[in-house]
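All remarks here apply to the structure that follows.
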Amino acid sequence: QEVVTVTSGARMQCTICLGDDGEVVQKGCHCRDDAGAVHVSCLIEYATHQVARSNRSGWTRCDTCKSRFTGKAQLGLAEARFALAIENPADVAELRVARSDLSAALVDQGRFAEATEQAEVVLKEMIEAKGEDDSETMTAMNNLAVTYYHQSLYHRAAELESTVLALRREHFGPEHTGTLSAAQNLAGSYNRIGKFSEAATLQLEVLEIRVRTLGPDHPEVLTTANNLGVTYDNLGQFAKAATIYEETLATQNRVLGPEHPSTLSTTGNYASTLGNMGRYSEALALQTALLKRRKRVLGTEHPGTLLTMSKLSVVMRDHAIVTDDPEALGATETLAEQTLTLTRRGLGEGHVRALTAAMRLGTLRLHRGRPAEAAELLSTAAAALTDRVGADNVNTLTAVVALGEARAAEGKHAEAVAVLRDAHTRTLRCFGEHPHTYAAASALGHALMHVGATEEGRGLLVGAHEMQLKIFGPSHVSTVRTEQRLRSWPDLAAHLRDSAPPATDTPATPTEQPD
């Protein structure tokens, strides 16, 4: 958590020493405002005194609210604990726990490669000491999978998580908290490799058990609900996703507070879904406010902040296209360039988030009339994403469709048709009737018209437009882009007159079925 300095004009005091000098941070637990303000050094001293009384919980949990520390407090404590453990290597068990806690804290700070290094050591030592069937070994497997996930090594993460889930179901039963966590983590990896239905099945099972056993306000229930919203969004069921996010946010704001990491995560997901529904003004307001919060709480270059910057650029881009605002599109390109630079610096050029940021910058350059620059970025991003997360990943397919559009804009229509036909086939196979499928169909139809395959091109363009109107309404970016393509062909312009919906002040509400 970031420095807390002002309340009603006065610096906040550390709740342990009552001083206000130096850096006073939030503990990142459930204690709010003044009750959560501390010097990290004071927390470390307190935890050390607790250890002398055979109580090690002070390294990870708040004595007041009993919840886990996060942010700077978590990292400072974990580093201090690990340093002490290194000085006493005879206590092998404490060294393993300290190393594991340090790995978790590094993940929270976005230092994923360092976290993986520590987690791999822990797992190796656990297997040698206790074997694969031991509960602590399963925990080490799970924690290593988390670090793989955050480095976008989703297939490796899913492989480990499947093993953990099978072992925990066998040894502890389907409703054990460890089994539920394993199922939740596996569902997250499934979402990243396109297994959305499998993810939803796991998450619905976990949500039912957690609500029944923990109650609807428990933080683990709220996390599960947020993750289910992500899956519904991936399935194109935006209305379901929005409803889940709204209910979850109301509870998170009440129970956890508006600046808790879980609340911020749900807020970002909700804003993205609003953008997918064509509710751009609401999405812009939420993402802009969230970015300010994350910069203040996490810092400018934290992965969570960079993710929000990237998502904000998407909403800004789509809103600028719908409103035909070149100036706003230029401001969006500037934000996208900043996001790409910071993401590459923080996570590396080969990280999926960096590749996705490059893809989004490429689409912006395409919309700003620079198809050659766009194609260069998109070609590199598409190839790297294919290598990193697979040809059927949603980000890969989005990059490939955009690359096909860029080739068409360059006048390379035959190449565009080849690229877009492959993307449309794979999108249809992976997602079925889904927004990504209609976007690919629209782009392919337009390219086919250019090479004289007018009958097939017309069918794809008209079919995509009819479904986009039905699901999104006339003011969604997908509908607007398809209409621009239809207008460019005089023989198809009549379709727009025939399909024009009644005048309305707001975009149509999308249905709950996958589009």
Side-chain angles (χ1 to χ4, degrees), residues 236 238 275-280 314-315 317-325 329 360 362-364 366-369 371 374 378 394 397-409 413 416-417 419-428 431-451 453-504 506-511 513-515:
F238 302 131
N276 289 336
M277 297 171 76
R279 293 162 60 179
Y280 300 117
V314 172
V315 179
R317 177 199 68 199
D318 292 350
H319 187 250
I321 292 170
V322 168
T323 57
D324 192 20
D325 188 341
L329 207 57
R360 288 171 176 166
T363 61
L364 275 161
L366 173 62
H367 288 299
R368 298 203 73 204
L378 292 165
V394 61
L397 290 170
T398 302
V400 172
V401 170
L403 174 60
E405 294 178 82
R407 294 303 186 205
H413 300 299
V417 168
V419 170
L420 290 167
R421 190 180 294 284
D422 177 63
H424 179 250
T425 300
R426 285 193 279 120
T427 305
L428 187 60
F431 304 114
E433 300 300 310
H434 189 278
H436 295 304
T437 308
Y438 299 131
S442 174
L444 174 59
H446 190 52
L448 285 167
M449 295 291 291
H450 276 288
V451 297
T454 54
E455 185 174 350
E456 184 183 3
R458 175 190 176 93
L460 286 168
L461 274 169
V462 170
H465 182 245
E466 288 175 347
M467 291 305 299
Q468 287 165 341
L469 266 181
K470 178 182 177 181
I471 294 162
F472 297 127
S475 300
H476 191 277
V477 65
S478 298
T479 313
V480 169
R481 291 180 68 191
T482 301
E483 288 185 354
Q484 290 170 345
R485 289 164 178 153
L486 286 166
R487 286 194 187 94
S488 69
W489 301 102
D491 292 345
L492 300 183
H495 166 76
L496 293 177
R497 294 190 295 272
D498 296 340
S499 62
T504 177
T506 57
T509 301
T511 63
Q513 66 184 25
D515 21 274

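Because the structure is predicted, anything quoted here is derived from the model rather than measured. In this chain, numbering begins with 1 at the start of the sequence shown.
When all heavy atoms of E483 and L469 are compared, the closest pair comes out as OE2-CD2, 4.4 Å. Residues R485 and A439 approach most closely at NH1-O, 4.4 Å, considering heavy atoms. For the pair T482 and S442, the tightest heavy-atom approach, listed with the atom from each and the gap, is OG1-OG, 2.9 Å. The minimum heavy-atom distance linking L366 with A409 is given by the pair CD1-CB, 3.9 Å. Here the closest non-hydrogen pair linking E405 and A443 is CG-CB, 3.9 Å. Nearest heavy atoms, A416 versus G404: CB-O, 3.4 Å.
With a 4.5 Å cut-off on side-chain heavy atoms, Y438 and E466 do not count as touching. Annotation: side chain of H367 is in contact with side chain of R481 (closest heavy-atom distance under 4.5 Å). Taking 4.5 Å as the limit, every side-chain heavy atom of H424 sits out of range of all side-chain heavy atoms of R421. The shortest side-chain heavy-atom distance between M449 and S488 does not fall under the 4.5 Å cut-off. For the pair H436/L397, no side-chain contact is recorded, criterion being any heavy-atom separation below 4.5 Å from C-beta on.
With rounding to the nearest 0.5 angstrom, the CG atom of D318 is 8.5 Å from the OG1 atom of T363. Remark: L420 CG to T425 OG1 distance equals 10.5 Å, nearest 0.5 Å. Note that the CG atom of L486 and the NE2 atom of H446 stand 9.5 Å from one another [nearest 0.5 Å].
Applying side chain to side chain contact (heavy atoms under 4.5 Å, CB included) to L378 and the options L403, V400, T398, V401 leaves one that passes, L403. Across I321, T323, V322, a single residue satisfies side chain to side chain contact (heavy atoms under 4.5 Å, CB included) together with D325, and that is T323.
Between Y280 and H476, the angle of the ring planes lies from 30° to 60°, which puts this pair in the tilted group.
No donor-acceptor pair under 3.5 Å is formed between the side chain of T479 and the backbone N or O of S475.
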